[in-house]
Amino acid sequence: MISENRIKVRIEAIASETKTIKRFTFVDVDNNALPAFSPGSHIILYLNGRGGELERRYSLIGSPDSTYTYQIAVKLHEKSSGGSSYLHNKAQIGDVFQISFPKNYFPLSFQARHHVFIAAGIGITPFLSMMSDLKEQGASFELHYSTKTKEDCAFYSYLTKTYPEQTHFYFTKHENRIETNILVDQYIGTHIYLCGPEGFTSSFSRAATSLGYSPASIHYEYFSPPNIHKPRPFILELTNGSFLSVPDEKSTLDVLLEAGYPVSHSCKVGRCGTCELPILEGEAEHYDSFLSTKQKESQACFLPCVSRSKTDTLKVEYSKK
């Protein structure tokens with residue numbers, strides 16, 4: 001049975017963009033129109049893994065005007081736990097999958113007068129639908145895109161042909177790196193959009209802040225939880241009297257779900273706030289990008305998908321089961 005929140009699709013086409021990146025085109029299994037999506041949206045692709053169902057998030061890279069196909073680009077990761085490895089090595093045209101409805105935690109700002117997109121590697125993907133939409137509107141934007149070499153640069157020909165004046169390439173193997181000085185002397189009303197490895201994104205976010213960009217004008221996308229240095233285990237106490245052990249290798253949310261406690265959730269990377277739980281006792285260690293600094297300092301709530309506990313025990317308001 002298919003969940004009411006999922007769509008059944010099949011692979012219509014597979015194309016190689018680089019040696020490690022493939023583009024997949026999906027259509028509805030009954031050839032119906034697919035739900036509309038906004039620029040910057042992604043879908044969750046559900047895969048069968050050794051330990052059960054896997055969820056993998058991929059940006060929709062096609063035009064938002066497309067109604068009968070969804071396209072995603074997938075990079076093969078050396079340490080893949082089943083997602084990219086399966087899609088690169090086993091997936092074939094005609095294979096059927098379940099996907100989520102489109103979600104968007106990385107939308108274009110309607111207030112921006114100029115958009116600056118900064119991407120590294122596979123981080124180019126959310127910007128493809130954004131630039132398509134902006135070009136149609138006649139809006140002002142520019143792209144700065146970094147890869148190791150030209151051969152590693154996905155969509156190089158497409159970008160060169162479609163956005164020749166807006167696109168700037170940087171190939172790090174040839175000592176050509178994106179510098180934060182591209183953020184200097186931008187138009188008033190410029191918004192910055194970042195997507196790439198966590199360190200890359202964080203460095204540009206800090207630079208933008210130091211240059212005076214407001215937090216509301218700095219946008220970034222993560223598809224994986226933040227890297228936590230030496231996470232420590234702790235005990236999660238619930239208001240129904242239950243105690244759950246949260247080991248260092250699992251998220252608080254995963255422990256709750258595995259124990260049979262249904263917690264509403266969506267992004268699983270600390271972006272949407274859906275899984276927020278009130279804190280009654282203890283102190284959380286916040287790793288999300290949803291709560292404000294003031295909210296984090298208040299210790300009134302936390303996001304169990306990425307955040308943990310500074311104290312040995314963290315008591316939260318939750319009693320349903």
Side-chain angles (χ1 to χ4, degrees), residues 13 15 17-18 21-26 34-43 57-75 102-147 150 152-171 176 178-180 182-183 185-197 200-201 204-205 208 213 216-223 271:
E17 293 294 335
T18 70
I21 297 175
K22 286 187 176 182
R23 173 165 46 93
F24 296 84
T25 301
F26 297 105
L34 292 164
F37 67 93
S38 55
S41 294
H42 71 275
I43 57 169
R57 290 156 176 77
Y58 299 107
S59 294
L60 290 169
I61 63 175
S63 168
D65 293 329
S66 174
T67 56
Y68 284 92
T69 63
Y70 283 166
Q71 292 188 36
I72 63 172
V74 181
K75 179 179 175 62
K103 304 170 183 287
N104 197 346
Y105 307 125
F106 193 40
L108 285 168
S109 170
F110 293 108
Q111 298 179 339
R113 297 180 61 187
H114 181 65
H115 307 262
V116 177
F117 302 117
I118 305 174
I122 196 63
I124 184 62
T125 54
F127 300 142
L128 296 174
S129 64
M130 291 180 170
M131 292 189 296
S132 175
D133 187 71
L134 291 174
K135 183 178 181 180
E136 186 175 336
Q137 296 177 30
S140 177
F141 67 93
E142 62 190 78
L143 169 68
H144 299 267
Y145 182 18
S146 174
T147 60
K150 179 180 175 181
D152 297 312
C153 188
F155 308 100
Y156 179 84
S157 297
Y158 168 77
L159 292 168
T160 302
K161 180 180 179 180
T162 312
Y163 311 107
E165 297 180 359
Q166 295 94 344
T167 302
H168 307 271
F169 296 104
Y170 304 80
F171 303 127
N176 181 20
I178 304 179
E179 301 294 342
T180 55
I182 64 172
L183 303 177
D185 296 329
Q186 289 288 351
Y187 300 102
I188 294 174
T190 290
H191 280 233
I192 309 298
Y193 303 79
L194 306 165
C195 191
F200 172 89
T201 300
F204 274 89
S205 179
Y213 286 84
S217 66
I218 305 170
H219 315 270
Y220 46 89
E221 179 73 299
Y222 291 133
F223 282 143
R271 290 296 307 276

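All heavy atoms count here, side chains included; hydrogens, waters and symmetry mates do not.
- A heavy-atom distance below 4.5 Å is not found between the side chains of Y68 and L34.
- When all heavy atoms of A73 and T125 are compared, the pair lying nearest together is CB-CG2, 3.8 Å.
- Using modelled atom types, one side-chain atom of S63 and one backbone atom of D65 make a donor-acceptor pair closer than 3.5 Å.
- Side-chain contact between S38 and P107: absent, with no pair of heavy atoms (C-beta onward) separated by less than 4.5 Å.
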**Request:** Show your working on side-chain contact (heavy atoms from CB on, under 4.5 Å) between E142 and V116 and close with a plain yes or no.
**Result:** CA-CA 5 Å; E142 62 190 78; V116 177; 3.9 Å; yes
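- A 4.5 Å side-chain heavy-atom check between M130 and F106 finds at least one atom pair inside the cut-off.
- Checking T18, L128, T167 one by one against F155, the side-chain contact (heavy atoms from CB on, under 4.5 Å) holds for a single residue, L128.
- The CG atom of L143 lies 4.5 Å from the CE atom of M131; values are rounded to the nearest 0.5 Å.
- In this structure, CD1 in I192 is found 11.5 Å from OG in S109, a value given to the nearest 0.5 Å.
- Contact between P64 and P39 at its shortest, heavy atoms only, is CG-CG, 3.9 Å.
- Side chains of F171 and D152 form no contact here, defined as non-hydrogen atoms less than 4.5 Å apart.
- Side chains of R113 and T190 form no contact here, defined as non-hydrogen atoms less than 4.5 Å apart.
- One distance of note links NE2 of H168 with CD1 of I118; it measures 11.0 Å at 0.5 Å rounding.
- Taking every heavy atom of both residues into account, F37 and G62 meet most closely at CZ-O, 3.7 Å.
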**Request:** Give the C-alpha distance, both sets of side-chain angles, the deciding distance and a yes or no for side-chain hydrogen bond (donor to acceptor under 3.5 Å, both in side chains) between H191 and H114.
**Result:** CA-CA 6 Å; H191 280 233; H114 181 65; over 6 Å; no
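- In this structure, the side chains of S59 and I72 stay at 4.5 Å or more apart for every pair of heavy atoms.
- Taking F110 as the reference, nothing meets the ring pair (Phe, Tyr, Trp, His ring centres under 6.0 Å) condition, with sequence neighbours excluded.
- The side-chain tip of R57 does not point at the ring of Y105 from less than 6.0 angstrom away and within 45° of straight on.
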**Asked** Does the pair F127 and Y193 meet the rule for a side-chain contact (heavy atoms from CB on, under 4.5 Å), with working shown?
**Response** CA-CA 9 Å; F127 300 142; Y193 303 79; 3.6 Å; yes
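- The local environment of CG in N176 is crowded, with over 12 non-hydrogen atoms from other residues, nucleotides or ligands closer than 6.0 Å.
- Atom NE2 of H115 sits about 7.5 Å away from atom OG of S140, to the nearest 0.5 Å.
- Scanning both residues, P197 and A120, for their nearest heavy atoms gives CD-CB, 3.7 Å.
- Between the side chain of R23 and the main chain of A13, no donor-acceptor pair closer than 3.5 Å is present.
- Atoms CG and CD, on L134 and E136 in that order, are 10.0 Å from each other to the nearest 0.5 Å.
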Donor-acceptor contacts, no H, no angles, side chain residues 158-165, under 3.5 Å, sequence neighbours left out:
from	atom 1	to	atom 2	distance (Å)
T160	OG1	Y156	O	2.8
T162	OG1	Y158	O	2.8
Y163	OH	S132	N	3.2

**Asked** Between Q71 and F26, does a side-chain contact (heavy atoms from CB on, under 4.5 Å) hold up when you go through it step by step?
**Response** CA-CA 6 Å; Q71 292 188 36; F26 297 105; over 6 Å; no
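- The closest side-chain donor-acceptor pair between Y170 and H144 falls under 3.5 angstrom.
- For the pair S129 and P126, the tightest heavy-atom approach, listed with the atom from each and the gap, is OG-O, 3.4 Å.
- Sparse packing is recorded around CD of Q111, with 12 or fewer heavy atoms of other residues, nucleotides or ligands lying under 6.0 Å away.
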**Request:** Starting from the C-alpha separation in whole Å, work towards a yes-or-no answer on side-chain contact (heavy atoms from CB on, under 4.5 Å) for K103 and H42.
**Result:** CA-CA 5 Å; K103 304 170 183 287; H42 71 275; 3.8 Å; yes
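- To the nearest 0.5 Å, atom OG of residue S41 and atom CD1 of residue I61 are 13.5 Å apart.
- Nearest heavy atom pair, residue C195 against residue F200, reads O-CE2, 4.2 Å.
- At a threshold of 4.5 Å between non-hydrogen side-chain atoms, the residues L183 and Y213 count as touching.
- Between the side chain of Y70 and the backbone N or O of I43 there is no donor-acceptor pair closer than 3.5 Å.
- Between the side chain of Y145 and the main chain of A154, a donor-acceptor pair closer than 3.5 Å is present.
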